[in-house]
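Computed from a predicted model, the values in this text were never measured in an experiment. Numbers here simply count residues along the sequence, with the first being 1. Read the numbers this way: they start at 1 and go in the same order the structure lists the ligands and their atoms.
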Amino acid sequence: MRTPFSLVHIAECASTNISVLEYPTQTVLWADCQTHGKGRRGHSWESPKGSGLYFSLYLNQKANTTLPLSSALAVWNALTKLGAGNLFLKWPNDIFFKNQKIGGILAEQYQENCVVGIGLNLKTPNIVGAPYPLSDLTQAFLPQTLPNHQQMVESIVQECALQFQQTFCAQKWQSHALWLNQIVQLRTENGNFEGTFLGINDDGALLLSGFSEVFYSGSLRCPSCV
Ligand code: BTN
């Protein structure tokens, strides 16, 4: 499939999630470094040159609840096809190597359009007080098999294009889910919940044993897993 995206590679910007808005939709903006990289929940995303891949896809569609999950699935598919092993998806939009975070996704709505920002560690960040251990892409590949940066970005963009034209498949996402069937804690704005992580529904919402409601946002932990 020919990718519907145009890739623009720049040296630096504040945040690719913001700067990509200066381009037409269907642009992917990839920066070597970001001076004000953004993470989820108002956190910053440290983005020095050489320490990570930082890029954003500008989509001519509205964001929906499954967009971050299908983007994470695209990252999983692309990196696995390139030879990575032991990658997992942590609900809702993190990419883990074993029990360690190696990347994350920030999806943002801008009127009728949206931006999917993807950050992947090339070096393990030194973040004091991170909620879980951190790692980087070099761990997921055998020595000497780490693809070059352009290959990784292009493959992920290609997989995103594939995922975005399909209906989200909860089962596919779930087959790579971290902590499935484990007892997890979910922190939400409405309180904390504990139960067995049963999976997700077709909207990407989290299903927890003992709760009839489903959860669309929150921060997931597995105290006995890390
Ligand atoms: C998270 O908190 O896990 C999401 C991190 C998303 C970081 C990426 S890096 C490229 C894009 N630009 C940003 O400012 N943030 C996203």
Practice prompt. Between I18 and ligand 1, find which residue part has any heavy-atom pair under 4.0 Å and reply side chain, backbone, both or neither.
Written response: neither
Worksheet item: When the ring centroid of F193 is compared with that of F215, is the distance short of 6.0 Å?
Response: yes
Discussion item. Counting neighbours of CG on N86 that are heavy atoms of other residues, nucleotides or ligands and sit closer than 6.0 Å, is the number greater than 12?
Written reply: yes
Worksheet item: Going by the atom numbers of ligand 1, which of them fall below 4.0 Å from some non-hydrogen atom of F55?
Response: 10 (C)
Discussion item. I'd like to check the side-chain hydrogen bond (donor to acceptor under 3.5 Å, both in side chains) partners of Q150; sequence neighbours left out, ordered by chain and number.
Written reply: E154
Worksheet item: Is ligand 1 less than 4.0 angstrom away from at least one heavy atom of Q34?
Response: yes
Discussion item. Take a 6.0 Å sphere around CG of N126 and say whether it holds more than 12 heavy atoms from other residues, nucleotides or ligands.
Written reply: no
Worksheet item: With a 4.0 Å heavy-atom cut-off (strictly under), which part of R41 contacts ligand 1: side chain, backbone, both or neither?
Response: neither
Practice prompt. Can you sort out which atoms of ligand 1 are near K38, meaning under 4.0 Å from one of its heavy atoms?
Written response: 5 (C), 6 (C), 7 (C), 13 (C), 14 (O), 15 (N), 16 (C)
Fill in: For K101, atoms of ligand 1 separated by under 4.0 Å from a heavy atom
1 (C), 3 (O)
Practice prompt. Go through ligand 1 atom by atom and flag the ones less than 4.0 Å from a non-hydrogen atom of T16.
Written response: 10 (C), 11 (C), 12 (N)
Worksheet item: With atoms numbered from 1 as shown, which atoms in ligand 1 lie under 4.0 angstrom from a non-hydrogen atom of D94?
Response: 3 (O)
Discussion item. Under a 4.0 angstrom heavy-atom cut-off, which atoms of ligand 1 come close to I105?
Written reply: 4 (C)
Item to complete: Could you list which atoms of ligand 1 come closer than 4.0 Å to a heavy atom of G37?
Response: 14 (O)
